Amino acid sequence: MDIRLEGIGHSYDDFEVMRDITLDIPNQQIICIVGPSGCGKSTLLRFIGGLERPQRGQVLQVGDAPKDCLNPLTYIFQDFALLPWRTVKGNISLVLEDHGIRGAAAREIIDDVLARTKLTDFAKALPKQLSGGMKQRVAIARALAVKPAVMLMDEPLSALDSQTRELLMDDLVSLWSRQPFTAVYVTHNLAEAVRLGHKVVVLSRRPGQIREIVEIDKPLSERAFGDADLDAYQKRLWNLMRDEARAADEELIHV
Amino acid sequence: MSDTSKRTVVFRGGGFAPKPQAWIGVMVFVVLILVAEWGTRSGWISALTLPKPSDVLETFRQLYASGLLFQHLGPSLARLVVGATLGVSIGISVGVLIGLFSHVRSGLVPLIAAIFPIPKIALLPLFVIWFGIGEGSKYALIAFGTFTPTVVATYGAVDNVDRTLIRMGQSFGLSWWSIVRKIILPGALPGILSGLRISLSIAIILLVAAEMLGAQYGIGAYILEAGSLYDLERLFAGVVILSLMGVIVNAIISFIERRMLGWRS
């Protein structure tokens, strides 16, 4: 299943935040969206997943989601969004219950996703007992449980410290290598973008428009921390963004 | 540099972190009672100012031995339980509806704001006309008095449920009812329980007020009778029962909080 964005534009009152965004998200690729703060990258992600409606243009789903897919468009949030009153297991079963999956069938799925995210020993822990990295792993496990066609990741590593971020990037790469998934990955961190993205979409400052799409050919599994090729890509992205980022930083906030 | 003097850095952190020290609370009670006992015995507190704590205890013992204690406590507890259950359950339901639906909110919030500050005791005569002089008017008074603070606490609690959790529920395709039941209600529980502390204390106050205005048995009636006879020992015995009731209600809510809100960090 592919996603196609056609001429997406949006304004709040008469304040234009996004203009004419057309983008293809092909199957089994990770598309990273980067841009200065306030360029509307998180809003764009909410449009893709149907949590908000754009005023202009449309988000199209091309082809059908796989049959066993419970929730085709599944988010991973920056602040994890785990229910603090449910255990790790309970948080995953939450998203299965509404599909009528309970008991043994649910247990099978939960055990599988916990194993894939190395959380098997923490099934009964409450979120308050977990570190930030572990919480995000739980959120990833929860997303995997509904077998998404497209993962929508909204700055998933931004609330974590840099070491945890490295670890989780490795985890995401190995998850993808074992079973390629489609993802839209919004971030302001260029290192994450060049490490995980097959394509990096650079948005301009408000109103957000696509400035450039940078393709990175190197296979995910061959990319590593401190990779010289990736550094070159990262420099190129930063050169594209620097002036915009500075201008965005100096802009007054309109509320 | 070698001859510069060395000193430990002055500690200036710490504090501002109250820790529970249960025995101090008990000590304050004990000391106050001992002072009162000593004062009344030695005579610098006259018998008209304060009864002797030991006499109050004796009165209490007699009350218990004669079986009168339960004759008064029984009806009082029944009124409290029925009235507060009615008020709290209707209050939580209305509060949740206000929290969920804009129309209900716009319609009821001004109404609640209008009836919240009315001293409910002032409405007792009205309740007597509506519900009769018997138990009905007392239930209604307590129910009405607990209703308003419960509503306000509940819709505040629903408003404070983390919106990102609700968005998460929607993004996973949870039904509206599932979101309400599994995300909003548990998320609002801490706020609802702390509102309950206030509304149940109000319930005890109203219970006494209702019983003072027309009841044969009940803690309020007992206190009123003792008061009109200037029987300070019995008056204080009644007051002690009321404050024990308050402490017990509080303890029950704390227990529920510990059991159901263990997930809070």
Side-chain angles (χ1 to χ4, degrees), chain A residues 42-43 45-52 65 69-88 90-101 124-132 135 138-139 142-155 159, chain B residues 17 19-20 92-93 95-96 99-102 153-197 252-265:
Chain A
S42 293
T43 312
L45 201 66
R46 285 201 292 277
F47 291 155
I48 299 175
L51 285 183
E52 237 178 278
C69 168
L70 298 173
N71 189 45
L73 303 170
T74 298
Y75 281 91
I76 291 173
F77 298 92
Q78 179 178 356
D79 51 7
F80 325 125
L82 301 176
L83 300 185
W85 49 88
R86 285 192 177 220
T87 60
V88 168
N91 265 289
I92 300 172
S93 84
L94 172 81
V95 298
L96 298 173
E97 286 159 14
D98 265 44
H99 297 283
I101 300 174
K124 292 200 171 71
L126 283 170
K128 71 167 179 180
Q129 298 170 289
L130 302 175
S131 67
K135 283 183 199 161
V138 177
R142 177 178 63 186
L144 293 174
V146 290
K147 303 194 172 62
V150 180
M151 294 244 245
L152 304 172
M153 308 170 98
D154 187 7
E155 309 235 12
Chain B
K19 286 188 219 69
I92 290 177
S93 319
V96 170
L100 292 178
F101 301 107
S102 317
T154 304
Y155 82 72
V158 172
D159 289 350
N160 274 331
V161 174
D162 191 349
R163 296 292 122 168
T164 57
L165 293 182
I166 297 175
R167 294 285 167 269
M168 180 278 291
Q170 292 176 323
S171 79
F172 278 96
L174 265 61
S175 67
W176 181 86
W177 178 234
S178 282
I179 291 176
V180 171
R181 212 158 36 97
K182 295 172 185 170
I183 298 178
I184 295 180
L185 290 182
L189 194 61
I192 295 176
L193 282 178
S194 61
L196 218 57
R197 267 181 210 280
I252 292 172
I253 294 177
S254 299
F255 175 76
I256 297 174
E257 280 183 341
R258 268 201 305 280
R259 285 294 300 274
M260 299 188 69
L261 304 180
W263 48 267
R264 283 195 298 189
S265 40

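Everything numeric in this text was worked out from a predicted model, so none of it was measured. Throughout, protein chains are lettered first and strands after them, A, B, ... in sequence-line order, and every chain is numbered starting at 1.
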Taking side chain as everything from C-beta outward and backbone as N, CA, C, O, which of these in A/Leu94 sits under 4.5 Å from a heavy atom of chain B? Side chain, backbone, both or neither.
both
In Å, rounded to the nearest 0.5 Å, how long is the span from CG of A/Leu83 to NZ of B/Lys182?
10.0 Å
Of the backbone (N, CA, C, O) and the side chain (C-beta and beyond), which part of B/Ile183 lies under 4.5 Å from a heavy atom of chain A, both, or neither?
both
What part of A/Leu152 lies closer than 4.5 angstrom to a heavy atom of chain B: side chain, backbone, both or neither?
neither
Spacing of B/Ser171 atom OG and A/Arg46 atom CZ [to the nearest 0.5 Å]:
12.0 Å
Identify the two heavy atoms, one from A/Val146 and one from B/Phe172, that lie closest to each other, and give their separation to 0.1 Å.
CG2-CE2, 3.8 Å
Specify which of A/Asp79, A/Thr87, A/Thr74 makes the most heavy-atom pairs with chain B at under 4.5 Å.
A/Asp79
Measure A/Phe77 against the heavy atoms of chain B and call it side chain, backbone, both or neither at under 4.5 Å.
side chain
Within a 6.0 Å radius of atom CZ on B/Arg259, are there more than 12 heavy atoms belonging to other residues, nucleotides or ligands?
no
Quick one: CG on A/Asn91 to CE on B/Met168, what's the gap to the nearest 0.5 Å?
6.5 Å
Most chain A-contacting option - heavy-atom pairs closer than 4.5 Å, from B/Pro186, B/Gly173, B/Ser178:
B/Pro186
Once rounded to the nearest 0.5 Å, what's the spacing between atom CH2 of A/Trp85 and atom CG of B/Leu185?
9.5 Å
